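Please read the structure below before turning to the comments.
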Amino acid sequence: QVELVESGGGLVQAGGSLTLSCTAPGDTVKKYTFGWFRQAPGKEREFVAAVSLSGVKDNSADSMKGRFTVAEDNAGNTVFLQLSSLKPEDTAVYYCAAKHSDYATEYAKDYDYWGQGNQVTVSS
């Protein structure tokens with residue numbers, strides 16, 4: 001079992017930025033492929049971005065392209081989701097997720113471990 005701990009959410013004005021963090025206490029993030037997802041009230045969970053354990057990134061979610069970026073620190077302790085040019089419609093609970101295999105996918109069902117979720121609220 002892998003525990004994922006998230007931090008960094010909060011309230012931000014439209015146009016602002018936030019960085020979300022995800023760690024695996026006692027472990028290295030470089031052993032896993034990580035995905036980021038979000039879920040707004042009344043909506044399905046939605047893919048945001050992913051990075052494979054070999055470092056291949058997928059920032060291809062259309063509505064977020066160019067605004068959201070996944071990154072890792074060199075020490076292998078933390079995976080980040082950098083959010084910029086935020087819009088009110090980006091308001092959601094953001095989740096990090098991890099799996100053992102070395103390919104990034106956009107499907108929540110492919111991930112084995114999940115963080116607790118982090119609320120991001122964007123005011124207009």
Side-chain angles (χ1 to χ4, degrees):
Q1 188 70 18
V2 177
E3 179 189 17
L4 302 179
V5 178
E6 300 180 43
S7 61
L11 175 64
V12 63
Q13 287 190 329
S17 301
L18 279 176
T19 297
L20 306 181
S21 302
C22 180
T23 63
D27 207 344
T28 171
V29 300
K30 292 190 180 297
K31 290 168 56 178
Y32 308 98
T33 287
F34 277 83
W36 285 94
F37 295 81
R38 69 182 187 182
Q39 189 164 19
K43 294 191 176 181
E44 298 283 324
R45 192 163 294 191
E46 177 183 27
F47 172 75
V48 176
V51 55
S52 72
L53 66 86
S54 57
V56 177
K57 296 179 183 177
D58 180 356
N59 294 306
S60 62
D62 287 344
S63 65
M64 297 159 255
K65 197 173 296 185
R67 300 189 299 122
F68 295 178
T69 304
V70 62
E72 293 179 312
D73 70 340
N74 290 332
N77 295 323
T78 308
V79 176
F80 302 99
L81 182 65
Q82 298 164 330
L83 312 175
S84 62
S85 301
L86 283 161
K87 306 174 182 179
E89 53 263 43
D90 294 319
T91 295
V93 177
Y94 285 71
Y95 297 90
C96 70
K99 63 186 184 75
H100 293 282
S101 52
D102 185 17
Y103 64 94
T105 77
E106 302 180 4
Y107 303 103
K109 65 179 178 62
D110 292 337
Y111 292 82
D112 301 309
Y113 311 106
W114 289 82
Q116 80 276 15
N118 224 341
Q119 178 70 46
V120 171
T121 302
V122 185
S123 62
S124 57

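Both backbone and side-chain heavy atoms feed into the values below; hydrogens, waters and symmetry mates do not. Since we're looking at a predicted model, the values are computed, not measured.
Under the 4.5 Å side-chain heavy-atom criterion for grouping Ile, Leu, Val, Met, Phe, Trp and Tyr, V29 is connected to Y94 within one hydrophobic cluster. Under the 4.5 Å side-chain contact rule for hydrophobic residues, F34 and F37 do not share a cluster. Both V48 and V122 are members of a single hydrophobic cluster when ILVMFWY side chains are connected at heavy-atom separations under 4.5 Å. Each of F80 and V70 belongs to its own hydrophobic cluster when Ile, Leu, Val, Met, Phe, Trp and Tyr are linked at side-chain heavy-atom distances under 4.5 angstrom. There is a path of hydrophobic side-chain contacts, each under 4.5 Å, that joins W36 to V2.
For the atom pair M64 CE and S84 OG, the distance stands at 12.5 Å (nearest 0.5 Å). For the atom pair Q116 CD and C96 SG, the distance stands at 7.5 Å (nearest 0.5 Å).
Scanning for ring-ring contact (aromatic ring centres under 6.0 Å, His included) contacts around F68 gives an empty result, with sequence neighbours left out. Under the rule for a salt bridge (charged side-chain N to carboxylate O under 4.0 Å, His left out), the partners of E46 that lie at least two apart in sequence or sit in another chain are R38.
Annotation for V5 and P25: closest pair CG2-CG, 3.7 Å, computed over non-hydrogen atoms. Nearest approach of L86 to V12, heavy atoms of both residues: CD1-CG1, 3.5 Å. Here the closest heavy-atom approach between residue A40 and residue A92 is recorded as N-CB, 3.8 Å. Scanning all heavy atoms of the two residues, the minimum distance from D27 to Y32 falls at OD2-OH, 2.5 Å. N118 and G9 get closest at one heavy-atom pair: ND2-N, 3.4 Å. When every heavy atom of L4 is checked against every heavy atom of C22, the shortest pair comes out as CB-SG, 4.1 Å.
Formation of a donor-acceptor pair under 3.5 Å by the S52 side chain with backbone atoms of D102 is not found in this model. At distances below 3.5 Å, not a single donor-acceptor pair connects side-chain atoms of E72 with backbone N or O atoms of G76. Under a 3.5 Å cut-off, the side chain of S85 and the backbone N or O of G15 do not form any donor-acceptor pair. A donor-acceptor pair under 3.5 Å is formed between the side chain of T33 and the backbone N or O of L53. Here the side chain of Q13 pairs no donor or acceptor atom with the backbone of S123 at under 3.5 angstrom.
Taking 4.5 Å as the limit, some side-chain heavy atom of V51 sits within range of a side-chain heavy atom of V79. Side-chain contact between L83 and L20: present, with at least one pair of heavy atoms (C-beta onward) separated by less than 4.5 Å.
Pairs of residues two or more places apart, or lying in two chains, that qualify as side chain to side chain donor-acceptor pair (under 3.5 Å) and include a residue from residues 105-114 are S60-E106, H100-Y113, T105-D110.
For the residue pair K30 and T28, no side-chain donor N or O sits within less than 3.5 Å of a side-chain acceptor on the partner. Counting only N and O atoms by type, the side chains of T121 and Q119 include a donor and acceptor under 3.5 Å apart.
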